[in-house]
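Heads up, the thing below is written out as C-alpha cells.
The structure displayed is predicted, hence computed values, not measured ones.
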Amino acid sequence: MSQPMVQARGVRKRYGSLEVLRGIDLTVERGQVCCLLGPSGSGKSTFLRCINHLERVDGGTLKVDGDLVGYRRHAGKLHELGEREVAERRRDIGMVFQRFNLFPHMTALDNVCEAPVKVAGVSKAEAEAEAQRLLEQVGLADRAGHFPAQLSGGQQQRVAIARALAMKPKLMLFDEPTSALDPELVGDVLDVMRRLAADGMTMVVVTHEIGFAREVADTAVFMDEGVVVEAGAPRQVLTEPTQERTRAFLSKVL
C-alpha cells in the first residue's frame, strides 16, 4: 500500500504561552483534495505552514509522502534537517499564499521560469516552453509578457499557481488563495483549482469558499481553537454536522 501524502499525528505548535495547534490528527491520501475550514485564528494557516516546514512543529509527527517534515529519525531520536535538506524536500511541495508574492520586476513568464532555472537547473529554453504551457493551463497565455502591475489580482494569483506548478510538485498547498481578491475575480482562480483537482493533484486548501469545498473536496475538516472539531465527507460535515461548534460556524457563513 502506498503512503498517505500527508499524515499528521498529534501535531502541536505554540508561540510562547499561546498553543496554536493542540494535537492535530489528519490524513490526506494521494490525489485527494482536503479543505480546511474554520474561523480566523483556528490554526488552519499555521498547520498548512507546518506541512512544508515554514513553521516548526513543537510536538507530534508530520509526514509528507512517508518522510518526516523537517526532521530525520536516527537512533530513536529526531534530528532537525539542515536548511539545504529542508529546501530540497520543499521543492516537492507547491504553496500559494493569500498574497501573490510575484517578483514585480519580472514578467509573468519570467516569474514562472525563475525557480526551475535557478533552483532545479532547467535550461532557459525548456523552462520558458513549460512556463508558456502552464500559463495557457491557467488561462493566461496572452499575458506572458505582462508585469504583475499590469495584471488583475485574479490574474496574478493564477500566475502564482503556475509558478508553484512549474516545480512539478506532488502536493499543492493553498492558503486562502481567493481571500485577497475582488468577488468577481474569485471564480477564475477556483476554476483553475477545480481543473487541478480533476487532474489528480493532491491539495490541502485553507478556504472560506464553502461551495468550492462542497463541490471539490474529498475531505472537509472543520478546525477551531487549534483542534480538529469535525472531519469527513463534505456532504456530511457541511450539511449534516455532528458537532454544535460546526453547526454554529456554518450558520454564520452559509
Side-chain angles (χ1 to χ4, degrees), residues 1-13 20-38 42-71 86 89-98 161 164-165 167-178 189-190 192-224 226-238 241-243 246:
M1 294 179 62
S2 62
Q3 297 277 0
M5 185 59 75
V6 179
Q7 189 172 49
R9 292 291 178 266
V11 170
R12 294 180 176 272
K13 175 66 184 177
V20 180
L21 301 178
R22 301 190 291 126
I24 300 295
D25 292 326
L26 184 65
T27 299
V28 183
E29 302 292 346
R30 295 172 188 276
Q32 285 192 337
V33 177
C34 174
C35 285
L36 305 182
L37 311 169
S42 59
K44 307 181 303 296
S45 293
T46 298
F47 177 65
L48 204 70
R49 291 171 65 85
C50 286
I51 292 176
N52 64 357
H53 206 55
L54 290 175
E55 300 284 355
R56 295 173 54 185
V57 301
D58 295 319
T61 59
L62 185 54
K63 294 181 179 180
V64 170
D65 201 15
D67 292 325
L68 285 167
V69 173
Y71 297 88
V86 170
R89 293 192 182 184
R90 199 176 279 149
R91 286 167 56 174
D92 291 331
I93 305 174
M95 187 157 184
V96 178
F97 299 88
Q98 295 180 40
I161 293 173
L165 292 172
M167 290 297 286
K168 304 186 186 306
K170 54 190 174 185
L171 170 66
M172 285 285 287
L173 309 177
F174 293 86
D175 189 4
E176 298 191 28
T178 60
V189 174
L190 293 181
V192 171
M193 294 171 66
R194 287 186 184 96
R195 289 197 293 272
L196 285 178
D199 289 341
M201 175 62 74
T202 310
M203 298 160 56
V204 183
V205 185
V206 173
T207 184
H208 292 294
E209 301 289 342
I210 303 297
F212 174 83
R214 183 186 293 113
E215 175 190 351
V216 178
D218 297 286
T219 304
V221 177
F222 176 68
M223 292 178 59
D224 191 30
V227 300
V228 172
V229 176
E230 190 161 0
R235 181 187 181 99
Q236 182 264 305
V237 173
L238 299 176
T242 62
Q243 301 300 311
T246 312

Intermediate values then yes/no, salt bridge (Lys or Arg N to Asp or Glu O under 4.0 Å), K170 and D92: CA-CA 6 Å; K170 54 190 174 185; D92 291 331; 3.7 Å; yes
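- Side-chain contact check for V64 versus R89: every heavy-atom pair is 4.5 Å or farther apart.
- Atom NE2 of residue H53 and atom CD1 of residue I93 lie 11.0 Å apart, to the nearest 0.5 angstrom.
- Scanning both residues, L26 and C34, for their nearest heavy atoms gives CD2-SG, 4.2 Å.
- Summarising the geometry of A164 relative to G94, their closest heavy-atom pair is CB-CA, 4.2 Å, with the distance given to 0.1 Å.
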Worked verdict on L238 versus T246 for side-chain contact (heavy atoms from CB on, under 4.5 Å): CA-CA 8 Å; L238 299 176; T246 312; over 6 Å; no
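- Closest approach of V20 and G43 over heavy atoms only: CG1-CA, 4.0 Å.
- Residues H208 and T178 are not in side-chain contact: their nearest non-hydrogen atoms beyond the backbone lie 4.5 Å or more apart.
- For CZ of R194, the number of neighbouring non-hydrogen atoms (other residues, nucleotides, ligands) closer than 6.0 Å is greater than 12.
- Under 3.5 Å, the side chains of T242 and E230 contain a donor-acceptor pair of N or O atoms.
- Taking CG of D175 as the start and CZ of F47 as the end, the distance is 12.5 Å to the nearest 0.5 Å.
- Residues C50 and V69 fail the side-chain proximity criterion, which asks for heavy atoms closer than 4.5 Å.
- For R214 (side chain) and P234 (main-chain N/O), no donor-acceptor pair under 3.5 Å exists by modelled atom type.
- Closest of all the heavy-atom pairs between A197 and M203 is N-SD, 3.8 Å.
- Residue F222 holds its CZ atom at 8.5 Å from NZ of K44, rounded to the nearest 0.5 Å.
- Minimum heavy-atom separation, P169 to M201: O-CE, 3.6 Å.
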From CA spacing to verdict: side-chain contact (heavy atoms from CB on, under 4.5 Å), R90, L54: CA-CA 9 Å; R90 199 176 279 149; L54 290 175; 4.0 Å; yes
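- Here the side chains of T207 and L37 are in contact, with some heavy-atom distance below 4.5 Å.
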Evaluation steps, side-chain contact (heavy atoms from CB on, under 4.5 Å), between K13 and V57: CA-CA 5 Å; K13 175 66 184 177; V57 301; 5.8 Å; no
Stepwise side-chain contact (heavy atoms from CB on, under 4.5 Å) test for M95 and R49: CA-CA 9 Å; M95 187 157 184; R49 291 171 65 85; 4.0 Å; yes
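- Between R30 atom CZ and T202 atom OG1 the span is 7.5 Å, to the nearest 0.5 Å.
- Inter-residue side-chain proximity for D218 and E29 is flagged as unmet; no heavy-atom pair is nearer than 4.5 Å.
- For the pair I24 and V228, the minimum side-chain heavy-atom distance is below 4.5 Å.
- Between E209 and the choices V189, V216, L190, the side chain to side chain contact (heavy atoms under 4.5 Å, CB included) rule is met once, by L190.
- Proximity of Q32 to M5: side-chain heavy atoms (C-beta onward) are nowhere separated by under 4.5 Å.
- Atom CD1 of I161 is separated from atom CZ of F174 by 5.0 Å, given to the nearest 0.5 angstrom.
- In terms of heavy-atom proximity, L21 sits nearest to V11 at CB-O, 3.8 Å.
- The distance from atom CZ of R56 to atom OH of Y71, rounded to the nearest 0.5 Å, is 4.5 Å.
- Residues I51 and L171 are in side-chain contact: their nearest non-hydrogen atoms beyond the backbone lie under 4.5 Å apart.
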